[in-house]
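Below, read A as the first sequence line, B as the second, and so on, with proteins coming before strands; counting in each chain starts at 1.
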Number of protein chains: 2
Amino acid sequence: MAVTIREVAERAGVSVATASRVLTGSRNVSVDLAERVNEAARVLGYRHNAVARALRRGRTNTIGMVVPEISNPFFPAIVESVERRLQMTGRDLLLCDAQQDPEIERKRIMALVDHQVDGLIIIPVSAKASHTALAEVSTRMPVVQVDRFVEEYAADWVGVDGSLGMSLAVEHVASLGATGIALVSATLDTSAGQQRHAGFERAMDRIGHPRDWPQLLGTFRAEWGRSAAAILLDGDRLPDAVVCGNDEIAIGVLGEFRRRHVHVPDDVLITGFDDIRFAALADPPLTTVRQPHEQLAAECIRLLDARAADPDTPVQRIAIAPTLVVRESTVGTP
Amino acid sequence: MAVTIREVAERAGVSVATASRVLTGSRNVSVDLAERVNEAARVLGYRHNAVARALRRGRTNTIGMVVPEISNPFFPAIVESVERRLQMTGRDLLLCDAQQDPEIERKRIMALVDHQVDGLIIIPVSAKASHTALAEVSTRMPVVQVDRFVEEYAADWVGVDGSLGMSLAVEHVASLGATGIALVSATLDTSAGQQRHAGFERAMDRIGHPRDWPQLLGTFRAEWGRSAAAILLDGDRLPDAVVCGNDEIAIGVLGEFRRRHVHVPDDVLITGFDDIRFAALADPPLTTVRQPHEQLAAECIRLLDARAADPDTPVQRIAIAPTLVVRESTVGTP
DNA sequence: AATGACAGGGTAAACGTTTACCCAACCATG
DNA sequence: CATGGTTGGGTAAACGTTTACCCTGTCATT
């Protein structure tokens, strides 16, 4: 068994209270006693038991996070930023994978509740189906949604302005002369899907181009990008540009176009969304809308801490403006 | 405050002991009492407090994991598999990022110790520098290394046979007629780097090709792949094949070659290692050595549980044979 | 009918901390 | 010299469970 504070106290010849006070610095202790305690702790290799501390203090110094799918390239980036930021304040991250399934998501959330995490960060699987679990848990502890949010429920959210991001992409390709612009994105069962779709439509209306190209909505995966590209290729003509709902889709589209000898950006322009690590490494490197993970993570934890400090703070939805990263999938090297 | 088992017991008109027995199923309880307890728990929305339970039971049902860098594409895949497998047995994952820094890694390991995790899964940052922290912690709890292992220390490990993997790659390109084969991999400060380098050399010896091409060792990142490719391109002739230490490097090499109009696989063959998600999406799709994450995760947890059950089980190093996935970076479509 | 096994209930200790509360000593102030 | 504040120490309760231990009643066996 590990060494306890009681053993430290005994060796130092003080009460456990004094030992605890020295070790946590919660109250002044005379210098000689403090030295004896520290020495004893050092010699014995004492490490405090975080479980016992958590039980007594009523907080675990642990934050729970549920993501739809860890291996999906965008999520690890945000998990990483969140984890680093938690480290700065000495907190730990309990990470759960929802396997894209709202039912599993619910169970994972409940497991985190059981673990008495001090707060919950969640990227909801579905705008609709994640509703009840989220509503239930947010009465018990601070909850912040990142990237996506559920419908019809007021809970803190921080993400990127998907609509604005899409506008950037659409206006960029339009400024390069594209008039026939197709959308390949994901179905509207996530807020990200909805926002990006809505942003696309608004931008198209604003620049006044006819919407005579299909809006293909599937999943946020490369496979769907491939299929959608095949659909476009099977038509009798190609759009000038394909604006994609995320980078993975765009990469799928790129792949299929390449396979069918359609040249990007000469024959068609392509944009992505997220700026995942691989976007810059694609062929051609992908013009995309960058999500600032560090900022997202920072705001997210700020929100969480604000709510923890005062559960009655008004609910906030923080939409950060994304930026466009122009690469060769739209402007090719001369 | 949350509902406690005491309140459940009161409402059901039984002792907390009985309530606990019903709720955990640890002993037989008469059906009517059991029903009353379950009903009371249901009505009150009782959830057990995992912290209190952990303190009493001496185990947290939580496993700690430290990875060098969450956003590095290979690691999330393995984290995901581990997390899923833990879910199956009702355990949770406390995930830490070492930020590629052995000192931070040490701190994270200690934080996990403090949290009383039941076991530790670690992908060590460095074969040398991670040694002491690992040695220290492995006396306190079950520890299993995945993917990489530290030098001079006998602790359980499960990973892929990097040497064999490299042989597969080398022999594959050799069988396609390549004789001038270059290696672009990472420095020897990780076991993965060492194994893959050694495997390359052994395979070259075995097939009897002269080793007259450089072995370029840098980091496991695409940037390094780019730089290394530039070095190769600046020579007066090109190798027949470039065998890379991982997929990211290979993707970097591909990118640089493409930029300099070297055609893959016509001018030069390229192989990667890991089979990350984007290997198949690269241009051309990357021939690579596949790491079976699911198996790695399964073995890893098996090992961890075995050591937890009996701390004196002999140390095991399990090397799983990887398989070669042939794609167009070596065999181009006709 | 005595005995023993067994089933099912409760009481209370224990897990390792932190901290409310109490107390003694000391010091400054009037 | 009495008073009151401050400083630094200890005692013990509390956090929410689980479980060792004890007790009582029932039933089968002799």
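In this structure, A/V51 reaches neither bases nor backbone, as no heavy-atom distance under 4.0 Å exists between it and the strands shown. In this structure, A/T24 reaches the sugar-phosphate backbone alone: every heavy-atom distance under 4.0 Å involves primed, P, OP1 or OP2 atoms, never a base.
Proximity of B/H115 to B/T62: side-chain heavy atoms (C-beta onward) are nowhere separated by under 4.5 Å.
The distance from atom CZ of A/R53 to atom C1' of C/dC15 is 16 Å, rounded to the nearest whole Å. Put simply, CZ on B/R21 is 10 Å from C1' on D/dT18, counting in whole angstrom units. Atom C1' of nucleotide C/dG9 and atom CG of B/L23 are separated by 16 Å, given to the nearest angstrom. Atom CG of A/L33 is separated from atom P of D/dT7 by 17 Å (rounded to the nearest Å). Look at CZ on B/R59: it is 18 Å from P on D/dT17, rounded to the nearest Å. Distance, B/R27 CZ to D/dT18 P: 14 Å, rounded to whole Å. Put simply, NE2 on B/H48 is 21 Å from P on C/dC15, counting in whole angstrom units. When rounded to the nearest whole Å, the span between CD1 of A/I5 and P of C/dT19 equals 11 Å.
Nearest-nucleotide positions on DNA chain C place B/A19 closer to the 5' end than the other of B/A19 and A/T18. Positionally, the nearest nucleotide of DNA chain D for A/S30 lies more toward the 5' end than for the other of A/V16 and A/S30.
Using a distance-only test at 3.5 Å, with no hydrogens or angles considered, no donor-acceptor pair links the side chain of A/R91 to the main chain of A/L86. Side-chain atoms of B/Q87 come within 3.5 Å of backbone atoms of A/D97 as a donor-acceptor pair (strictly under, hydrogens ignored). In this structure, the side chain of A/E105 engages the main chain of A/V125 through a donor-acceptor pair within 3.5 Å. Checked by atom type and distance alone, the side chain of A/R148 pairs as donor or acceptor with a backbone atom of A/P124 at under 3.5 Å.
Comparing D/dC15, D/dT18, C/dT19 against the side chain of A/S20 picks out C/dT19 as the nearest. In the set D/dG10, D/dT17, D/dT18, D/dT17 carries the atom at the smallest distance from any side-chain atom of B/T4.
You won't find any donor-acceptor pair under 3.5 Å spanning the side chain of A/R56 and the base of D/dG16, going by distance alone.
Between B/N28 and C/dG8 there is a side-chain polar atom (N or O) within less than 4.0 angstrom of OP1 or OP2.
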